[in-house]
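Some notes on the structure that comes next.
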Amino acid sequence: MNRPSDQIGQVKKIASFEPRERDMNTQNNHSLTNGSNELDLMSPEDMTSKEYYLDSNAHFAVHEELLKDEIRTKTFRNAIINNRHLFKDKVVLDIGCGVGIFSLFAAKAGAKMVIAVEKSNVIEYAKRIIRANRYDKVRGRIEDIQLPDGIDKVDIIIAEWMGYCLFYDSIIQSVIYARDKFLKPDGLIFPDRATMYMVGIEDRDYKEDKVEWWSTVYGYNMSCLKNYVMREPLIDNVDKRQICTDHFPLKTFDLKTMTVNDINVASKFRLRALRDDYIHAFVTYFLVEFTACSQRTVINTAPGAGYTHWKHTVFYFPDCVTIQQDEQLEGDFSCKKKLDFEIDFKFNGKISNLQSQNRYFMK
């Protein structure tokens with residue numbers, strides 16, 4: 001990558017450190033743990049299979065999948081590059097920078113300084129990538145959680161903080177921590193708003209393949225496992241043709257103001273049938289927004305909106321609902337920080353009636 005003519009002579013600084021959350025447990029009985037001093041100081045070339053297991057984000061396949069997710073990567077690129085007026089001469093904090101692609105976008109958009117944060121040892125490759133693209137100089141990891149000399153606060157935080165079902169394997173707590181400690185009062189977060197949605201789907205064939213299959217396995221009865229299988233949500237791509245209800249917004253999260261406790265979700269929902277059909281499962285997905293952009297910029301993970309690595313979260317329940325067009329199914333959806341889910345619903349239709357209480361756990 002060549003520097004734009006208006007950046008010749010300017011120095012792009014990339015600093016890296018790992019923000020330690022207030023409630024982080026530092027006690028561990030293992031000699032090497034993700035985030036431990038021994039693992040932090042180890043270069044990627046010296047890592048063995050054991051270290052890669054403990055530092056899963058150091059695997060190149062993880063970052064390849066993220067970079068090849070064009071909806072994710074191109075939306076971040078457009079949000080940054082198409083809003084140079086927001087980044088010009090600003091100090092930017094890139095949390096969970098990975099191989100540094102968003103840091104490079106920010107530098108190209110005219111940021112005065114980009115501070116890249118990454119807990120994984122892939123940060124060593126990020127440094128080399130940044131140098132190879134002629135953005136110098138690269139600062140070392142800042143273990144004491146201090147910004148570079150002369151920098152008290154940052155103007156913009158960039159973070160791809162979303163996980164499966166929005167919060168599974170998410171760095172949202174790190175973003176909230178960094179916002180409270182490092183972001184200026186009028187600072188920006190990219191992206192800064194997210195909404196979790198629910199929809200009902202017909203999915204008999206796949207449900208039978210994933211759940212009913214356990215009824216007889218090579219001639220042996222393993223049906224006792226079916227209940228446990230259904231309690232673990234499935235992460236997979238859902239065909240939009242399976243959707244048989246409208247989409248219900250469960251909760252909207254504003255990263256400028258939310259706290260860690262806001263990660264909990266407790267929402268009533270109402271789904272209206274779009275046609276006569278069966279409902280075998282509920283699906284959750286999310287939409288995130290970059291509200292500071294001059295034009296509406298979003299990442300939409302809904303079924304049919306295009307492939308993303310987040311896919312969709314499918315919650316099967318034991319029976320199925322036979323529903324007619326315009327009939328409504330009502331219930332309660334809750335999700336706690338540890339991603340324990342409860343979906344309780346009641347349906348009284350012309351053809352069928354069903355009341356169901358369901359518990360799910362993401363592992």
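Only this structure's heavy atoms are used, side chains among them; waters, hydrogens and symmetry mates stay out.
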[Y] and [X], any side-chain heavy atoms less than 4.5 Å apart:
{"X": "Asp209", "Y": "Asp205", "answer": "no"}
{"X": "Thr75", "Y": "Arg77", "answer": "no"}
{"X": "Pro191", "Y": "Phe76", "answer": "yes"}
{"X": "Ile201", "Y": "Val238", "answer": "yes"}
{"X": "Met222", "Y": "Ser215", "answer": "no"}
{"X": "Lys207", "Y": "Glu202", "answer": "no"}
{"X": "Arg193", "Y": "Thr252", "answer": "yes"}
{"X": "Phe333", "Y": "Lys268", "answer": "no"}

Looking at [Y] and [X], is there a salt bridge between them, counting it only when a charged N and a carboxylate O are closer than 4.0 Å?
{"X": "Lys184", "Y": "Asp186", "result": "no"}
{"X": "Asp326", "Y": "Arg272", "result": "yes"}
{"X": "Arg72", "Y": "Glu160", "result": "yes"}
{"X": "Lys226", "Y": "Glu212", "result": "yes"}

Closest heavy-atom pair and its distance - [X], [Y]:
{"X": "Asp155", "Y": "Leu183", "answer": "O-CD1, 3.6 Å"}
{"X": "Asn83", "Y": "Ser294", "answer": "OD1-N, 3.0 Å"}
{"X": "Leu255", "Y": "Ile189", "answer": "O-CD1, 3.6 Å"}
{"X": "Pro249", "Y": "Thr195", "answer": "CB-CG2, 4.1 Å"}
{"X": "Asn358", "Y": "Pro318", "answer": "OD1-CD, 3.3 Å"}
{"X": "Ser103", "Y": "Cys97", "answer": "OG-CB, 4.2 Å"}

What's the separation between atom [atom1] in [X] and atom [atom2] in [Y], rounded to the nearest 0.5 Å?
{"X": "Cys293", "Y": "Leu86", "atom1": "SG", "atom2": "CG", "value": "7.0 Å"}
{"X": "Arg179", "Y": "Ile95", "atom1": "CZ", "atom2": "CD1", "value": "10.5 Å"}
{"X": "Trp161", "Y": "Ile172", "atom1": "CH2", "atom2": "CD1", "value": "4.5 Å"}
{"X": "Ile235", "Y": "Cys165", "atom1": "CD1", "atom2": "SG", "value": "6.5 Å"}
{"X": "Phe105", "Y": "Ile158", "atom1": "CZ", "atom2": "CD1", "value": "9.5 Å"}
{"X": "Ile343", "Y": "Tyr316", "atom1": "CD1", "atom2": "OH", "value": "13.0 Å"}

Item checked: Contacts of Phe269 that satisfy ring pair (Phe, Tyr, Trp, His ring centres under 6.0 Å) - sequence neighbours left out -> Phe282

Next item on the list: Only counting residues at least two apart or in another chain, list the ones meeting ring pair (Phe, Tyr, Trp, His ring centres under 6.0 Å) with Tyr285.
Entry: Tyr197, His247

Check: When you look at Gln242 and Asp203, which way does the side chain to side chain donor-acceptor pair (under 3.5 Å) test go after all the steps?
Finding: CA-CA 7 Å; Gln242 297 174 252; Asp203 201 22; 2.8 Å; yes

Notebook entry, point to check: Please walk me through it: do Val99 and Leu67 pass side chain to side chain contact (heavy atoms under 4.5 Å, CB included)?
Noted result: CA-CA 9 Å; Val99 294; Leu67 292 171; 3.9 Å; yes

Notebook entry, point to check: Which residue pairs satisfy the side chain to side chain donor-acceptor pair (under 3.5 Å) criterion with at least one member in residues 301-313, sequence neighbours excluded?
Noted result: Asp69-His309

Check: Between Phe190 and Phe87, is the ring centre distance below 6.0 Å?
Finding: yes

Notebook entry, point to check: Are Phe167 and Phe253 close enough that their ring centers fall under 6.0 Å?
Noted result: yes

Please answer: with hydrophobic residues joined when any side-chain heavy atoms are less than 4.5 Å apart, are [X] and [Y] in the same cluster?
{"X": "Ile243", "Y": "Phe248", "result": "no"}
{"X": "Val283", "Y": "Phe341", "result": "no"}
{"X": "Tyr168", "Y": "Phe315", "result": "yes"}
{"X": "Met113", "Y": "Ile81", "result": "yes"}
{"X": "Ile157", "Y": "Ile151", "result": "yes"}

[X] [atom1]: over 12 foreign heavy atoms closer than 6.0 Å:
{"X": "Lys346", "atom1": "NZ", "result": "no"}
{"X": "Lys251", "atom1": "NZ", "result": "yes"}
{"X": "Arg270", "atom1": "CZ", "result": "no"}
{"X": "Lys240", "atom1": "NZ", "result": "no"}
{"X": "Arg204", "atom1": "CZ", "result": "no"}

Decide whether [X] and [Y] meet the rule of one side-chain donor and one side-chain acceptor closer than 3.5 Å.
{"X": "Tyr206", "Y": "Asp236", "value": "yes"}
{"X": "Ser223", "Y": "Asn221", "value": "yes"}
{"X": "Gln325", "Y": "Asp276", "value": "no"}

Next item on the list: Under the salt bridge (Lys or Arg N to Asp or Glu O under 4.0 Å) rule, what do Lys112 and Asp89 come out as? Steps first, then yes or no, please.
Entry: CA-CA 4 Å; Lys112 177 174 63 176; Asp89 297 327; over 6 Å; no

Margin query: Between Leu147 and Val154, does the side chain to side chain contact (heavy atoms under 4.5 Å, CB included) criterion hold? Intermediate values first, please.
Written below: CA-CA 9 Å; Leu147 295 179; Val154 302; 4.2 Å; yes

Next item on the list: Let me see the working for Asn348 and Glu327 under side chain to side chain contact (heavy atoms under 4.5 Å, CB included), right down to the final yes or no.
Entry: CA-CA 9 Å; Asn348 295 309; Glu327 288 185 332; over 6 Å; no

Item checked: side chain to side chain contact (heavy atoms under 4.5 Å, CB included) between Leu104 and Ile129, intermediate numbers included -> CA-CA 9 Å; Leu104 291 170; Ile129 291 169; 4.0 Å; yes

Check: Donor-acceptor pair, Thr73 side chain versus Leu66 backbone, under 3.5 Å?
Finding: yes

Next item on the list: Could you check Leu274, Ile279, Val321 and say which one makes a side-chain contact (heavy atoms from CB on, under 4.5 Å) with Cys244?
Entry: Ile279

